[in-house]
Amino acid sequence: MSKILIRGAKVLGGEPQDVLIDGETIAEVGAGLSADGAEVVEAGGKVLLPGLVDLHTHLREPGREDSETVLTGTRAAASGGYTAVFAMANTFPVADTAGVVEQVYRLGREHGYCDVQPIGAVTVGLEGHKLAELGAMHESAAGVTVFSDDGKCVHDAVIMRRALEYVKAFGGVVAQHAQEPRLTEGAQMNEGVVSAELGLGGWPAVAEESIIARDVLLAEHVGSRVHICHLSTAGSVEIVRWAKSRGIDVTAEVTPHHLLLTDELVRSYNPVYKVNPPLRTERDVLALREALADGTIDIVATDHAPHPHEDKDCEWAAAAMGMVGLETALSVVQETMVETGLLDWAGVADRMSFTPARIGQAAGHGRPVSAGEPANLTLVDTAYRGAVDPAGFASRSRNTPYEGRELPGRVTHTWLRGKATLVDGKLT
């Protein structure tokens, strides 16, 4: 069993301590630790966090391996400090059966860069008409607990109610992509001043907010759990805040790009900024940051959405929606939340590890950095600043909105159950 001694790390941003890893487990945390034969990692005041957990990742396999594979996606995850990711169901074929979710789960286990927990589709083929095999996916080797038609909204209220009732039986959760389809027909960007000036089809905030309002009421009626994917508007924040005040079992996520970028960037007509839900206004961005800080929004999730070059390097109307995010997420959170004083590093650990692991029931992840816990860890050089260069990404796709932008922080090491997946910024 190998031993690793991480010396002088700021655990969750606190005072420097040493952390001893013995095999797959944290053996000891304290000052002045030593261990014969241990590999020593000089942390030099870097911040040590529990391994990050992403509740919303698109790995594209099976079917769109030209965009991403489980191997390349999990390598990107390890590069970004993640030890577990939840893989969305909008693959080809759709992950709506036990066979497909087991395939994705086993690919993750084989590659070993991070744990992969498949998310099962709510409806057959993501078509919104008939419930998928929710129970069979839960009872499969993948043990699915989160279900989502992400990429599409479960727009039928009766189907949504049935899904909430079904997953309640085994403590599962439905993760809703909140987008009323009739209100977003032909939509290209956020509806507002910029869309009017550019003449692009507007995507109104109410298209998101109306679905969230409906679904929190359904969850209350059924007594089940609902999770809101990529919440993006100030109005959505208020609805979730109201629902939580009533005791409704709702959780919500925000993406890094919705914490930083606004619809003003669409004036460039660069399709790298085309995403679903769309980039919103500065007012929305500030509301999302405040909501993440006060706990109304529970977690940060990347919505890592890789696309090949030809699907993004084209005219705006024809371009695919989505951005890669696994390798830049922590840096964006450092800039928008830590450096603004809205969150400390313990808060980041909560929003990017502890709470997403709890929502998704990711065993062994999102655990305290203390003796006896699994050694799922990430070490971050928070003093680093540098321009984003997608040429160095581990992801198969390069559709980042941050190319050339200077961001703070750099993940230097990631450990999955005591095994290094990233050392000195390089994948093992």
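Source: prediction; values computed, not measured.
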[Y] and [X], any side-chain heavy atoms less than 4.5 Å apart:
{"X": "L55", "Y": "H227", "value": "yes"}
{"X": "I211", "Y": "Q176", "value": "yes"}
{"X": "R410", "Y": "V380", "value": "no"}
{"X": "N190", "Y": "L279", "value": "no"}
{"X": "V300", "Y": "T255", "value": "no"}
{"X": "L260", "Y": "Y402", "value": "yes"}
{"X": "L20", "Y": "I26", "value": "no"}
{"X": "S268", "Y": "Y273", "value": "yes"}

Does any N or O in the side chain of [X] come within less than 3.5 Å of the main-chain N or O of [Y], such that one atom is a donor and the other an acceptor?
{"X": "S195", "Y": "G202", "value": "no"}
{"X": "E180", "Y": "R182", "value": "yes"}
{"X": "Q179", "Y": "T184", "value": "no"}
{"X": "E327", "Y": "A394", "value": "yes"}
{"X": "K274", "Y": "G322", "value": "no"}
{"X": "H307", "Y": "A320", "value": "no"}
{"X": "D18", "Y": "L33", "value": "yes"}
{"X": "Q117", "Y": "A142", "value": "yes"}
{"X": "T91", "Y": "G63", "value": "no"}
{"X": "R225", "Y": "V174", "value": "no"}

If you compare all heavy atoms of [X] against all heavy atoms of [Y], which two are closest, and at what distance to 0.1 Å?
{"X": "R214", "Y": "A157", "value": "NH1-N, 3.5 Å"}
{"X": "A187", "Y": "W203", "value": "CB-CE3, 3.5 Å"}
{"X": "V237", "Y": "A291", "value": "CG1-CB, 3.6 Å"}
{"X": "M323", "Y": "L261", "value": "CE-CD1, 4.4 Å"}
{"X": "V29", "Y": "A371", "value": "CG2-N, 4.3 Å"}
{"X": "S331", "Y": "G409", "value": "OG-O, 3.0 Å"}

Decide, yes or no, whether a salt bridge links [X] with [Y] under the criterion of side-chain N to carboxylate O below 4.0 Å.
{"X": "R398", "Y": "E403", "result": "no"}
{"X": "E220", "Y": "R246", "result": "yes"}
{"X": "D294", "Y": "R241", "result": "yes"}
{"X": "D298", "Y": "K244", "result": "yes"}
{"X": "R280", "Y": "E208", "result": "yes"}
{"X": "R64", "Y": "E68", "result": "no"}
{"X": "D66", "Y": "R396", "result": "no"}
{"X": "E373", "Y": "R417", "result": "no"}

Interatomic spacing from [atom1] in [X] to [atom2] in [Y] - rounded to 0.5 Å:
{"X": "E209", "Y": "L231", "atom1": "CD", "atom2": "CG", "result": "8.5 Å"}
{"X": "F86", "Y": "I359", "atom1": "CZ", "atom2": "CD1", "result": "9.5 Å"}
{"X": "H56", "Y": "I299", "atom1": "NE2", "atom2": "CD1", "result": "10.0 Å"}
{"X": "S397", "Y": "R60", "atom1": "OG", "atom2": "CZ", "result": "8.0 Å"}
{"X": "L49", "Y": "N376", "atom1": "CG", "atom2": "CG", "result": "13.0 Å"}
{"X": "Y113", "Y": "K419", "atom1": "OH", "atom2": "NZ", "result": "7.5 Å"}

- Go through the steps to decide whether L422 and T428 satisfy the test side-chain contact (heavy atoms from CB on, under 4.5 Å), and finish with yes or no. CA-CA 6 Å; L422 186 78; T428 58; 6.0 Å; no
- Test L379 against V47 for side-chain contact (heavy atoms from CB on, under 4.5 Å), laying out the working first. CA-CA 6 Å; L379 188 64; V47 171; over 6 Å; no
For [X] and [Y], test the side chains for any donor-to-acceptor distance below 3.5 angstrom and give the result as yes or no.
{"X": "T302", "Y": "D54", "value": "yes"}
{"X": "T355", "Y": "D350", "value": "yes"}
{"X": "H58", "Y": "D150", "value": "yes"}
{"X": "T123", "Y": "D149", "value": "yes"}

- Message: For H230 and H177, take the angle between the two ring planes, folded into 0 to 90°, and tell me which bin it lands in: parallel under 30, tilted 30 to 60, perpendicular over 60.
- Response: perpendicular
- Can you label the angle between the H413 ring and the W415 ring as parallel, tilted or perpendicular, going by 30° and 60°? parallel
- Working for side-chain contact (heavy atoms from CB on, under 4.5 Å), residues L259 and V254: CA-CA 7 Å; L259 291 172; V254 64; 4.0 Å; yes
For atom [atom1] of [X], is the number of surrounding heavy atoms from other residues, nucleotides or ligands below 6.0 Å larger than 12?
{"X": "R283", "atom1": "CZ", "answer": "no"}
{"X": "E310", "atom1": "CD", "answer": "yes"}
{"X": "K312", "atom1": "NZ", "answer": "yes"}
{"X": "R385", "atom1": "CZ", "answer": "yes"}

- Message: Can you tell me which residue among T69, L107, V116 is in a side chain to side chain contact (heavy atoms under 4.5 Å, CB included) with L59?
- Response: V116
- Item | Worked check of side-chain contact (heavy atoms from CB on, under 4.5 Å) between L48 and K10 | CA-CA 6 Å; L48 187 68; K10 295 181 179 178; over 6 Å; no
- Message: Using the rule given for side chain to side chain donor-acceptor pair (under 3.5 Å), can you reason through H258 versus S232, listing the C-alpha separation, both sets of side-chain angles and the distance that settles it, and then say yes or no?
- Response: CA-CA 6 Å; H258 286 112; S232 70; 4.8 Å; no
